[in-house]
Amino acid sequence: MNSETGGRWTRRQFLGGTAVAVATGPTTWAAPQTAAAAAAVDENPWRYDVDRLRQVDPALIGYERVAGFAVAASGVRRLVWTTPRELWVTAGRSLLAYDLGGAKVAEVAIGDVVRCLALAPDGRLFVGLRDRVEVYDRQGQRLARWPAVSGKPFLTGLAVGKDMLFVADSGNRVVYRCDLEGRIQLRIGEKNPERNIPGLVLPSPFLDVELGGDGLLRVTNPGRHRVEVYTVDGALELAWGRAGVALDAFCGCCNPIAVSLLGDGRVVTAEKGLPRVKVYGAAGGLETVVAGPNQFAPVGSDERSRGKPDTALEGLDVAVGADGRVAVLDLVGSTIQIFQPKGVAAVAA
Amino acid sequence: MLPGPSNDDRTSRREFVRNGLRVAGLTGAGVAVGALSHRGAAADTVWQIDPRKCLSCSRCATECVLEQSAVKCVNWFPICGYCDLCTGYFEPQPIGLDTGAENQLCPTSAILRKFIEDPYFEYKIDEDLCIGCAKCIEGCKLFGNGSFHLQVRHDRCLNCNECAIARSCPGDAFYRAPVEKPYYQFTT
Amino acid sequence: MRWVNEHRARWRGVRWLAWVALVCLGSGIGFLALGEAAELRFPPPDFESGYSMPATQYPSARSQGMEWFDIAVLLATLGTATALVYAKRSRTGLAWLSGFSLLYFGFYREGCVCAIGSVQNVALTVFGTGYALPVGVGVFFAAPLLVALFAGRTFCAAVCPHGALQDLLLVRPVKVPRWLESGLGVLPFIYLGAGVTFAATGAAFLICRFDPFVPIFRLSGSLGMLLTGGAFLVLSLFVGRPYCRFLCPYGALLKVASALSRWRVRVTPDVCTQCRLCPSSCPFGIIREPDPGLMRPKEVSMARRGILVALAALPFLVLAGAGVGWVFGGAAARLHPTVALVEDYGDSLARGVPATPTLPERLALDRAERQSKDLLPRAEELRGKFRMGGLWFGVWCGLVVAMKWISLGMVRRRDEYQPDRTACFACARCFSSCPQERIRLGWSPAPDAVTTHPAIAAVHPVPSAKSGGCGCGPGATGGNP
């Protein structure tokens, strides 16, 4: 300490000290930062990796995309190919009709969220809401409103026959056979050891039903990863399908989520998770692939489908035209794509 | 204890100024307290994750200031499918549907699978083992209902002023939840 | 019991209300046309085996009551520390209290809530939007400052866990050169400014993130911060309280408050005999020797000139700081996650996205892509905030340097050896070095009427430096014998 200034200190000392302070600041600042940067990991070791499963060998794909358009509505859910030139889509509280070029040709407003749709040969529209069926004509006039289904209804599929309607109820895990006035005649698919029926398992609301030209019902049983074939009297005739990520199996925990029938009894199935559309023979053997995951918007590409709590819109729906073409509705991307078998000969079939 | 009274003019003036400043400081503190409390009753908040925004990036496992992350997987049973083939529990291509370690997705075997009745299984999380890596969450979300979701567990969370995970969350999924509603509640 | 019943009834009422609200909400959903988001839940399976669904466990946060308990502990320790410094003059008591504070606020509460970090909460409450200051944080911010207005930094003495940890570790204090000490003394003010700026802009809680001791209290943390904490611990063995003296932003506030304090810590309980024993007993080197003040006219005029020059330089320093702050404020905006994301997003657009799609960084870029409409204007707004923040921070730095400069010219007259009240941590180490204190405690022979008489003491010649004749070594820094 300078004796002349006593306990005080000089400006030079002050400047020196300030310089040290200025130098110390950035150093103490930078040290932890660089250390943290050095410790950064360069890949996610806990990634849920299904990338390789998204690839489908192009040689196995027997269909090609011939048309496609976006549906300018939110909440698209089910798709029905009504006449050769018209596709009907349910979107939230409305039904939208498009021609194959993507032009909207009709719109019907419904009082509640529409969950499924079927077209009767006489032109009537059967519209499934959460707990009931309503009947409309094609101009949007409501013809009937059936009583609500008891239990915990969550209707997700409709199939219409000559004088009966089949209603798939995901909530009650059953398919009802009704007459066209809405009276339930029979419950199909419920667990019944005597008739050797294991029961429908539905982790999520994706019970679908289709009536084939052979008079047999195709019902999805996504929790068991199979398609079950019932007679209209509720006898289980056949069940096929197995769980797995392999191409011939149904992936994830609940697939297939939708079926549609080709004229010759072959079955088109749709899967979610890894969105795939495949064609199976009437007895269940994989015949060909219509479209693989790369042709659809991946889950997560849309804010809506991130962290879906429940009943979120995801996955696909399929509808088959009379000429054997397959229309696929992508719920995530809100698009419709139309596929036809590769080669002209296939179109003729 | 106190310095004795001084006749020194300078000292007493300084003492006066100091007293004045002290009073000013107290007044300022009072005004500040009043103003701050006027800004609204202090609603305490805690950190939480919005599962809808979560991108399952695994940073919850690594970024928490705690040795064991305060973020854990939670199964919300009302929307759980109770699947036999749970894609949150099993590898995408399991060899068998059993609890063999080779079939399990979870890197720490933190999910407990219990048979209930054919064909349903219950899945519970052992939070002491869960590291919050979100691998199972992505599996459940991709194929299933999304009943697995990440939540900040408040018995573990230190409620830092600046949550290290929130800062680096790529989905911006962290939010400040009021302390009365400290967990994300599904609305559907 | 009655209270319990009432409480239960009230709770039942609350629950009932909650149910009503829930039902209204549920039924309202159908009419509100909320669309898909408000769909009712898909029912879980019917279990036939009598299985009932377990309730998802939601452990609650630390209760509000515990927050009040923390406040009570803080006030009690503050009061005890003040009493120990002023009434008991007990280093042993303070050491025990430090140990308690270290265990409670440090290792049990894991360094949260703490007064040091509370500065940022206050800044965020004042400048930010939508953040209300929790009561506990407010008390932790205000109580030590209010105490300092009257009794100096007794919070530092034995309540702050950071101080306690360093203080208890100090075994072999090294004297820090005065110039270095004074120069580094500017840092807390700068750090305080930076902490407040970043908190006010909502970018970061800088002071918490780079706290070297919290990782030690929690026994976990990033490698970098653990190493920094370890370095500070090792440094604390030889340099008294390095964080408190050269970094602590709350210490900067306490410094200002304690400059106004009503009472001050005095080395001697009686009259200073100017025996020169106490300065070396202070491990922080802040006991100042008596100073006659400026006696010669030449000295006075030089000091005046110095102050005038500093005052003249003040506006320039402030302006320079503002300019530099404005320039660097934009760059500092990158510390805000949103700004950083938007900048990275811009980079990725210019250079093409990184090839690893699974990394969180890439996921964040995807989000930026989806939300770019919201994020880009938000980032621009934040950059503007940061430039303003940087400007004010620059002004602050200019002021701090100018004030330091001005304070150089200020000379105080001191009649006795006394701690610099702004820097004194009230650790009470110096007390036992004072012969008068030893007499008070009865450790030394009975008082001698000659030396204690104020009139005689005042004219007592200053003893030579080596005449430590009272039998206690000047190295008694460890406190009590």
Side-chain angles (χ1 to χ4, degrees), chain B residues 1-3 8 10-11 18-19 21-22 25-26 29 32-33 36-37 39-44 46 55 57-59 65-67 74-82 116-117 120 122 124 145 151 153-162 164 167-172 179 182-183 186-188, chain C residues 37-42 44-45 47-49 51 53-62 64 67 86 110 112 117 120-122 125-126 132-135 138 142 145-146 149-150 204-205 208-209 215 218-222 257 259-264 266 269 337 359-361 363-364 367 413:
Chain B
M1 202 182 310
L2 310 180
D8 190 304
R10 269 200 317 193
T11 313
R18 194 169 271 156
N19 275 330
L21 283 173
R22 199 178 304 123
L26 279 175
V33 166
L36 290 184
S37 58
R39 284 175 76 98
D44 278 4
V46 289
L55 300 173
C57 70
S58 83
R59 276 201 173 151
V65 293
L66 292 172
E67 185 68 37
V74 174
N75 190 7
W76 198 52
F77 293 103
I79 62 170
C80 177
Y82 288 85
I116 299 170
E117 62 184 59
Y120 300 123
E122 180 194 88
K124 270 189 173 166
N145 291 351
Q151 287 286 276
R153 304 305 268 170
H154 294 301
D155 51 341
R156 299 169 186 269
C157 177
L158 299 172
N159 202 18
C160 299
N161 269 330
E162 184 186 39
R167 229 191 127 67
S168 61
C169 173
D172 194 26
V179 76
Y183 290 90
F186 289 96
T187 49
T188 56
Chain C
E39 267 181 47
L40 288 172
R41 202 153 64 222
F42 176 67
F47 298 106
E48 291 161 0
S49 58
Y51 165 82
M53 195 176 286
T56 305
Q57 295 300 310
Y58 291 116
S60 56
R62 203 162 172 274
Q64 211 74 349
E67 191 186 0
Y86 287 93
E110 299 185 319
C112 267
Q120 305 163 102
N121 299 67
V122 172
T125 316
V126 174
L133 191 69
V135 181
L145 282 175
L146 289 179
L149 272 180
F150 290 92
F205 279 71
C208 295
R209 184 148 36 122
R218 290 175 181 169
L219 302 173
S220 77
S222 73
L260 307 172
S261 68
R262 177 80 184 76
W263 302 296
R264 65 188 306 163
R266 286 182 75 229
L359 285 182
E361 286 81 3
L363 293 170
R367 174 170 68 90
R413 212 185 68 171

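Looking at C/T56 and B/N75, their side chains never come closer than 4.5 Å, going by heavy atoms from C-beta outward. Taking 4.5 Å as the limit, some side-chain heavy atom of B/R153 sits within range of a side-chain heavy atom of C/Q57. Inter-residue side-chain proximity for C/Y51 and B/Y120 is flagged as unmet; no heavy-atom pair is nearer than 4.5 Å. Side-chain contact between B/Y183 and C/P59: present, with at least one pair of heavy atoms (C-beta onward) separated by less than 4.5 Å. Side chains of B/R167 and C/F205 form no contact here, defined as non-hydrogen atoms less than 4.5 Å apart.
With a 4.5 Å cut-off on non-hydrogen atoms, C/L149 touches chain B through its backbone and its side chain both. Heavy atoms of C/E48 lying under 4.5 Å from chain B belong to its backbone as well as its side chain. B/N159 does not touch chain C: none of its heavy atoms, backbone or side chain, sits under 4.5 Å away. Looking at B/R22, both its backbone and its side chain come within 4.5 Å of chain C, counting heavy atoms on both sides. With a threshold of 4.5 angstrom between heavy atoms, B/V74 approaches chain C through side-chain atoms but not through N, CA, C or O. Interface remark: B/C169 contributes backbone atoms only to the contact with chain C (heavy atom separation under 4.5 Å).
By number of non-hydrogen pairs under 4.5 angstrom with chain B, the leading residue of C/C112, C/P44, C/P45 is C/P45. Chain C forms more heavy-atom pairs under 4.5 Å with one residue of B/N19, B/V46, B/L21 than with any other, namely B/L21. Across C/N121, C/L219, C/L145, C/L146, the residue that shares the most heavy-atom pairs under 4.5 angstrom with chain B is C/N121.
Partners of C/S261 by side-chain contact (heavy atoms from CB on, under 4.5 Å), not counting sequence neighbours, listed by chain and number: C/R421. In this view, B/F77 satisfies the ring-ring contact (aromatic ring centres under 6.0 Å, His included) rule with no residue, not counting sequence neighbours.
When every heavy atom of B/R18 is checked against every heavy atom of C/A259, the shortest pair comes out as NE-O, 2.9 Å. Nearest heavy-atom pair across C/C208 and B/N161 is SG-ND2, 3.7 Å. What you find for C/P360 and B/P170 is that their closest heavy atoms are O-CB, 3.2 Å.
The distance from atom OG of C/S49 to atom CD1 of B/I116, rounded to the nearest 0.5 Å, is 6.5 Å. Taking CG of B/D172 as the start and CZ of C/R367 as the end, the distance is 4.5 Å to the nearest 0.5 Å. In this structure, the separation between CZ on C/R218 and CD on B/E67 is 13.0 Å, given to the nearest 0.5 Å.
Of the possible polar contacts, none joining the B/E162 side chain to the C/R209 backbone as a donor-acceptor pair under 3.5 Å is found. Not one N or O on the side chain of C/S60 forms a donor-acceptor pair closer than 3.5 Å with the backbone of B/H154.
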